[in-house]
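Have a look at the structure below, then the notes.
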Amino acid sequence: KMNALLEYCKELKETCPQAFTNTDYEKHTIETNQITLLTSQTEPVNKKPNLWYMLHQLMLQGEQVVIQTPYIICGKDMYKDLEELCATTDTELIINAVENGANPWGCTDYLNQKKKIRKTGIKIYEFLGGQSGHTKTILVDDRLSIVGSFNLDMRSVYLDTEMMLAVDCRQLNGALRDDAERDKEMSRHVYPDGTYEDGAAYQPRELSFGKKVYYGILRVVTILIRHLL
């Protein structure tokens with residue numbers, strides 16, 4: 001086994017020599033003031049919404065918040081928390097447009113719940129880029145960046161084990177905000193009153209007839225099994 005491992009290492013050095021060169025990590029990293037690990041319970045059980053509570057409290061400390069998540073599926077208490085957040089904070093949400101989404105359940109629930117989401121007061125950006133977005137970040141003002149595995153859905157809040165890093169660093173926050181601004185330009189802006197505005201780089205895309213029928217059926221199914229999403 002050792003000989004096989006050494007032989008593999010030799011082949012790897014030939015095919016991927018850059019993996020064996022010395023790296024100046026200080027050149028490729030940035031200094032932070034603090035990094036904090038936030039996590040939910042690791043046991044495979046229904047969980048208390050501890051991680052969501054921590055994220056919500058951190059967002060409440062800011063004046064301006066940008067949430068980026070592939071999709072949004074909220075329960076009753078999550079809607080209340082978003083309403084509380086939007087009452088005191090300018091909050092934006094960047095999600096995949098239905099035409100761009102890779103999760104059919106997230107897409108159809110969004111179609112069913114869009115009015116409820118808007119009523120929280122959150123400003124929605126329906127991203128329609130070249131590929132479905134998978135970014136999961138929360139940006140609080142110009143210093144705090146929270147990144148990790150948490151989706152803004154009930155599974156991440158109550159079931160799945162998720163981890164997020166809360167990073168106090170203006171430079172990282174600025175870089176992530178630049179990315180968010182680029183995605184917003186490729187999005188349709190949905191205001192809380194239901195009006196729309198296209199971003200500067202937004203290019204509309206029609207759903208195929210087959211996908212419209214598929215989503216139409218799933219919208220009904222989603223209502224029946226929403227507690228499982």
Side-chain angles (χ1 to χ4, degrees), residues 36 38-40 49-98 100-103 106-107 109-110 113-129 132-158 160 162-170 172-192 197 199 229:
T36 305
L38 309 176
T39 182
S40 55
N50 295 335
L51 178 56
W52 171 242
Y53 174 80
M54 288 186 282
L55 296 175
H56 184 238
Q57 292 301 308
L58 288 171
M59 289 188 286
L60 285 173
Q61 305 307 310
E63 297 181 0
Q64 202 277 334
V65 172
V66 178
I67 304 171
Q68 195 158 4
T69 181
Y71 50 85
I72 176 172
I73 303 176
C74 287
K76 183 178 180 181
D77 290 339
M78 295 172 68
Y79 278 128
K80 288 182 178 178
D81 289 340
L82 287 178
E83 288 178 4
E84 180 185 3
L85 177 64
C86 293
T88 59
T89 305
D90 178 19
T91 307
E92 298 176 338
L93 172 68
I94 305 173
I95 61 170
N96 286 305
V98 171
N100 205 47
N103 184 322
C107 291
D109 188 73
Y110 177 67
Q113 298 284 317
K114 185 184 290 191
K115 186 174 181 179
K116 282 187 177 181
I117 299 170
R118 286 195 290 102
K119 287 181 68 175
T120 65
I122 203 165
K123 301 172 183 176
I124 307 170
Y125 291 86
E126 298 176 347
F127 172 70
L128 192 56
S132 177
H134 200 61
T135 303
K136 303 165 187 181
T137 62
I138 300 173
L139 307 177
V140 183
D141 294 335
D142 63 351
R143 281 184 53 174
L144 183 61
S145 307
I146 311 173
V147 299
S149 65
F150 182 89
N151 292 305
L152 190 53
D153 71 345
M154 292 185 287
R155 289 188 65 88
S156 286
V157 172
Y158 299 108
D160 295 340
E162 309 287 7
M163 292 189 296
M164 299 290 277
L165 288 177
V167 184
D168 181 0
C169 175
R170 291 186 188 275
L172 175 63
N173 185 284
L176 293 176
R177 281 190 175 273
D178 288 343
D179 289 343
E181 288 300 318
R182 179 204 62 207
D183 290 347
K184 284 161 61 175
E185 289 186 354
M186 293 187 287
S187 302
R188 179 194 297 123
H189 185 179
V190 185
Y191 292 94
E197 181 181 2
L229 299 181

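Hydrogens, waters and symmetry mates play no part in the numbers below; they use all other heavy atoms, side chains included. Every value quoted in this text rests on a predicted model; they were computed, and no experiment measured them.
- No side-chain heavy atom of T39 sits less than 4.5 Å from a side-chain heavy atom of L51.
- Rounded to the nearest 0.5 Å, atoms CG (L55) and CD1 (I67) are 9.0 Å apart.
- At a threshold of 4.5 Å between non-hydrogen side-chain atoms, the residues T120 and Y79 count as touching.
- Under a 3.5 Å cut-off, the side chain of S156 and the backbone N or O of D153 do not form any donor-acceptor pair.
- Put simply, the side chain of Y110 reaches to within 4.5 Å of the side chain of I117, judged on heavy atoms.
- The backbone N or O of Q68 lies less than 3.5 Å from no partner atom in the side chain of T135, so there is not a single donor-acceptor pair.
- No side-chain heavy atom of M54 sits less than 4.5 Å from a side-chain heavy atom of M164.
- A distance of 8.5 Å separates CG of N151 from CG of D160, quoted to the nearest 0.5 Å.
- Contact annotation: the side chain of E181 never approaches that of E185 to less than 4.5 Å [non-hydrogen atoms, C-beta and beyond].
- Checked by atom type and distance alone, the side chain of T137 never pairs as donor or acceptor with a backbone atom of V147 at under 3.5 Å.
- For Q57, the CD atom sits in a packed shell: over 12 heavy atoms of surrounding residues, nucleotides or ligands are nearer than 6.0 Å.
- Counting only heavy atoms from C-beta outward, the side chains of L144 and Q61 never approach each other to under 4.5 Å.
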Practice problem: Step by step, work out the side-chain contact (heavy atoms from CB on, under 4.5 Å) result for V190 and E126. | Solution: CA-CA 7 Å; V190 185; E126 298 176 347; 3.5 Å; yes

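- In this structure, S149 contributes its side chain and M163 its backbone to a donor-acceptor pair below 3.5 Å.
- Between E92 and K184 there is a salt bridge, with a side-chain nitrogen of the basic residue lying less than 4.0 Å from a carboxylate oxygen of the acidic one.
- Taking CD1 of I138 as the start and OG1 of T69 as the end, the distance is 8.5 Å to the nearest 0.5 Å.
- I73 has its side chain out of reach of Q113: every pair of non-hydrogen atoms, C-beta onward, lies at least 4.5 Å apart.
- R177 places a side-chain N or O within donor-acceptor distance of the main-chain N or O of D141, the cut-off being under 3.5 Å.
- I72 has its side chain within reach of L82: a pair of non-hydrogen atoms, C-beta onward, lies under 4.5 Å apart.
- In terms of modelled atom types and a separation under 3.5 Å, the side chain of N50 and the main chain of S40 share no donor-acceptor contact.
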